[in-house]
Every structure is written in structure tokens, then in C-alpha cells.
Colleague: 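Sending over a structure as C-alpha cells; questions will come in a sec.
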Amino acid sequence: MQPKELLDLTEQFGNPLYVYDAEKIEFQYNRLTNAFKVEKLRINYAMKALSNISILKLLKNLGSGLDTVSIQEVRLGLHAGFTPDRIIFTPNGVSFEEIEEVAEMGVQINIDNLSVLEHFGAKYPKVPVCIRINPHVMAGGNENISVGHIDSKFGISIYQIPHILRIVENTKMNINGIHMHTGSDILDIEVFLYASEILFDAAKQFKNLEFLDFGSGFKVPYKKSDIETNIEELGKKLTKRFLAFEKEYGRELTLAFEPGKFLVSEAGYFLAKVNVVKQTTSTVFAGIDSGFNHLIRPMFYGSQHSIENISNPKGKERFYTVVGYICETDTFANNRRIPEIHEGDMLCFRNAGAYCFSMASNYNSRFKPAEVLWKNGKGHLIRERETFDDLLQNQILLDI
Ligand SMILES: *Cc1c(COP(=O)(O)O)cnc(C)c1O
């Protein structure tokens with residue numbers, strides 16, 4: 001999107017503001033579906049990345065399914081128009097009752113714990129279940145975002161397959177899918193393919209599979225020099241291997257993925273106004289009308305979102321440290337080159353589609369921003385800015 005278009009949207013909808021470019025989401029979805037040339041491909045959008053119901057509807061219209069991690073996400077998906085058979089539920093550490101409730105809705109259950117598997121299989125032997133395997137592969141390299149390694153809380157260890165088989169035999173339950181999700185950043189395709197071999201190996205042990213789910217972790221660039229997962233190359237290699245496995249397995253299978261970041265990260269823009277420019281002895285701070293209440297990734301994960309000054313895109317570049325208004329250290333960017341900033345200018349944060357609004361809070365009793373979908377050259381409001389009533393909602397002023 002162009003700086004002028006974004007600036008106009010803040011005039012129309014106010015700021016701070018989240019904007020999502022529908023065309024970019026569509027582009028990414030098509031890239032993914034074109035990369036894997038198999039008979040049956042299923043993309044389940046991991047909605048925790050960005051859960052606005054209009055975004056869900058957009059993805060549904062593209063043909064996507066949905067990957068959910070809570071019963072509330074399942075309900076939002078149904079509300080957006082997904083049918084239960086298009087939704088998979090991949091929770092971790094939720095109550096047995098929640099799993100039961102979701103299964104009753106007709107949603108595909110994905111279990112990642114032996115005790116839950118045994119309990120569920122004994123009670124509902126006829127309900128098809130997918131199993132989340134932990135292949136113990138470190139895909140990311142960053143402790144916070146690698147979920148496949150030995151100490152991870154996710155999945156059932158690949159070394160516990162004999163125990164899984166024992167449970168399946170005892171309960172006569174129906175395992176229709178095998179799943180893995182190794183971490184949040186695939187930097188190296190070979191590492192991903194290595195983990196896939198472990199999944200293929202595990203799959204051979206189950207006779208009634210309908211799908212193999214390879215999770216996600218597709219990396220998107222945050223700046224020009226960043227490495228991006230080469231989806232096209234991965235597609236070529238994994239497609240070939242998948243087709244060979246199907247032959248060996250003796251039955252057609254669905255190849256499934258559940259990307260979040262890949263589909264929506266680059267489609268998102270976060271726009272916030274500069275309240276103050278503050279010179280100290282060593283630094284020029286640009287203080288914006290936002291903080292980690294709206295965009296926590298830089299502080300939480302050290303994410304480097306690129307920042308543009310859309311009020312002065314061609315200005316002379318200077319160095320700024322961009323901070324928020326929260327009464328704590330909330331640094332968005334340190335010593336960053338940005339076209340000259342004046343108080344009142346509008347800054348634009350890139351890659352603000354995934355894990356940005358969905359992680360927003362009301363800390364410091366601030367309102368959550370509005371969200372806008374940019375489609376066919378027009379901005380459509382998809383979430384109203386909060387108001388003071390929203391802050392009071394559910395609070396009780398005691399008569400004391
Ligand atoms: C979060 C999550 C995803 C999506 O990961 P991205 O890095 O956003 O693509 C996929 N599957 C599961 C089980 C997840 O928890």
C-alpha cells in the first residue's frame with residue numbers, strides 16, 4: 001500500500017489504526033496453494049495470528065480451513081461461516097471438557113498428550129482423532145519459538161509411538177491424521193524436510209490415515225536483507241516426497257498446513273501518530289500514541305518491525321529511537337534511520353498483520369485500536385475503536 005493511501009485511512013478512521021491489505025493475503029494464500037502440487041491440499045489458517053471475523057471470512061472465501069487453539073476460536077470461526085468439518089482444534093493444556101465440547105461440534109480434534117488420548121479414546125472410540133507428534137527438531141534456533149525440541153510442552157514425543165499404538169489398540173479408536181508443528185521460524189528447508197521424514201515414518205504405523213499435517217513456521221521477511229522460507233522450493237521437494245509416500249502407504253492422503261504468519265503478517269500495517277519528539281543528551285526519541293498495549297512483538301520477541309514516516313516519506317533520514325506512551329520501557333525500535341520526524345507525523349509499522357492486534361491489551365486503560373480491511377481500493381471498518389464504555393464493561397463498582 002502507498003503512504004498516501006495509509007495516511008488517508010487515518011484521516012477517515014482515526015489513529016492508532018490497524019490496516020490489512022486483502023490482496024496481499026490472497027497473494028500469499030495462492031502462493032502456498034500453487035507451491036504444493038498434490039491432489040488434496042488443505043490450508044488451515046492459524047487464526048490466533050489475526051482473528052478478526054472479517055479476515056476469517058476472507059480466508060474462508062479463498063478456500064482455506066481453520067486451525068484453532070481454543071473453543072472461543074472455534075466459535076468465532078463458526079460465526080464467520082466456517083463449517084465444523086473445515087476446522088481443526090489443536091489445543092495444548094486445555095481441559096478435557098473443552099475437547100469434548102469441541103468434538104461434539106463436529107470439529108477435527110488434534111490431541112497432544114497421552115493421558116488425554118487414552119481418556120478420549122476410551123470414551124469416544126468412534127470419533128476420529130489426529131495426533132500431534134513432537135519430532136524433537138529445532139526449527140527456529142530461538143528458544144522462545146521452537147516447539148519441537150526435547151523439553152517442549154507441545155506434542156507427544158516421537159519416542160512414545162509404541163505407547164500411542166498400545167492406546168489405539170486397547171481403545172479401538174480411529175486415528176485419521178498425524179500432525180507436527182516444529183516451531184515458528186523455518187529458516188532451513190532441509191531441517192523441515194528432515195522433520196517431515198520423522199512424520200512419514202510415524203505415519204506408516206497408522207493404517208487409517210486421511211491426512212498428514214505439517215504445521216507451519218513459514219518465515220516472512222521483516223526487512224530487505226531477511227531470509228524468507230522459500231515456499232516454492234519447499235513445495236517442490238515436499239510434493240515429490242509426499243507423492244512417493246502416498247504410493248508406499250497405498251492410499252490417497254490430504255497434505256495439510258496451518259500457517260498464520262505467512263498468510264497475514266505482511267498484509268498488516270500499524271499506524272500511530274508521533275506525540276512528542278524528545279532530545280536527550282544522547283538520543284532523539286519519537287514518542288507515539290501507542291505502546292506495547294497495541295503492538296507487543298518488539299518488546300516480547302525482539303521483533304524488528306520496519307518503520308516508515310508516511311507523513312514525510314521522502315524526508316532526510318535521521319536516527320530515532322521510537323518509543324510508546326506506556327509507563328514502562330516500551331521501545332519499538334532503537335537508533336533506527338527514519339525520514340525526519342516532526343510532532344504530529346504518522347508512523348507506519350510493517351508486518352503488523354500477525355500476532356499484533358491479536359495480542360493487544362487494555363494496559364494503562366487504553367482503548368484497543370480500530371481495524372480496517374483494504375479491499376478493492378477502499379477501506380472497510382472491521383472493528384470499531386473501543387470507547388470508555390468498553391473499559392467499564394464487566395466491571396462492578398461495589399456499593400461500599
Ligand atoms: C501458532 C501455530 C501455528 C501458526 O504458526 P505461524 O508461525 O504463525 O505460521 C500453526 N500451528 C499451531 C499448532 C500453532 O500453535
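Both ligands and their constituent atoms are indexed starting at 1 by order of listing. Heads up: numbering here begins at 1 and tracks the sequence.
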Colleague: Only heavy atoms of Lys261, strictly under 4.0 Å: list the atoms of ligand 1 that pass.
Modeller: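 The atoms of ligand 1 under 4.0 Å from a heavy atom of Lys261 are 6 (P), 8 (O), 9 (O).
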
Colleague: Should the proximity of Tyr355 to ligand 1, defined as any heavy atom under 4.0 Å, be assigned to the side chain, the backbone, both, or neither?
Modeller: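 It is the side chain that touches ligand 1; the backbone stays farther off.
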
Colleague: Just jot down the side-chain hydrogen bond (donor to acceptor under 3.5 Å, both in side chains) partners of Asn92, sequence neighbours excluded, or say none.
Modeller: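 So Asn92 forms a side-chain hydrogen bond (donor to acceptor under 3.5 Å, both in side chains) with Asp112, Lys153.
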
Colleague: Is the NZ or CZ atom of Arg42 positioned over Phe36's six-membered ring, under 6.0 angstrom from the centre and within 45° of the axis?
Modeller: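 Not satisfied by the 6.0 Å and 45° rule.
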
Colleague: Heavy-atom contacts with Thr90 under 4.0 Å: which atoms of ligand 1 show up? List them by number with element.
Modeller: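 Numbered from 1, ligand 1 contributes 13 (C).
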
Colleague: Do Gln108 and Asn176 get their side chains close enough for a donor-acceptor pair, meaning under 3.5 Å?
Modeller: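 Yes, because at least one side-chain N or O of Gln108 sits under 3.5 Å from a partner of the opposite role on Asn176.
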
Colleague: Do any nitrogen or oxygen atoms of Arg132 come within less than 3.5 Å of a nitrogen or oxygen of ligand 1?
Modeller: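 No, Arg132 has no N/O under 3.5 Å of an N/O on ligand 1.
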
Colleague: I need the atoms of ligand 1 closer than 4.0 Å to a non-hydrogen atom of Pro259, numbered in the order shown.
Modeller: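 Those qualifying, in numeric order: 9 (O).
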
Colleague: Parallel, tilted or perpendicular: which describes the rings of Phe214 and Phe192, with under 30° parallel and over 60° perpendicular?
Modeller: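 The arrangement is tilted - the two ring planes meet at 30° to 60°.
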
Colleague: Near Lys278 NZ, under 6.0 Å, is it more than 12 heavy atoms from other residues, nucleotides or ligands?
Modeller: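 12 or below, so no.
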
Colleague: For ligand 1, note which part of Ala49 has a heavy atom under 4.0 Å away: side chain, backbone, both or neither.
Modeller: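 Answer for Ala49: neither.
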
Colleague: List every atom of ligand 1 that sits less than 4.0 Å from any heavy atom of Gly260, numbering the atoms from 1 in the order shown and giving each element.
Modeller: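 Under 4.0 Å from Gly260, ligand 1 has these atoms: 4 (C), 6 (P), 8 (O), 9 (O).
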
Colleague: Centroid-to-centroid, Tyr320 to Phe285, below 6.0 Å?
Modeller: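 No; Phe285 has its ring centre 6.0 Å or more from that of Tyr320.
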
Colleague: Quick one: does ligand 1 sit under 4.0 Å from the side chain of Glu258, the backbone, both or neither, non-hydrogen atoms only?
Modeller: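 Both the backbone and the side chain of Glu258 come within reach of ligand 1.
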
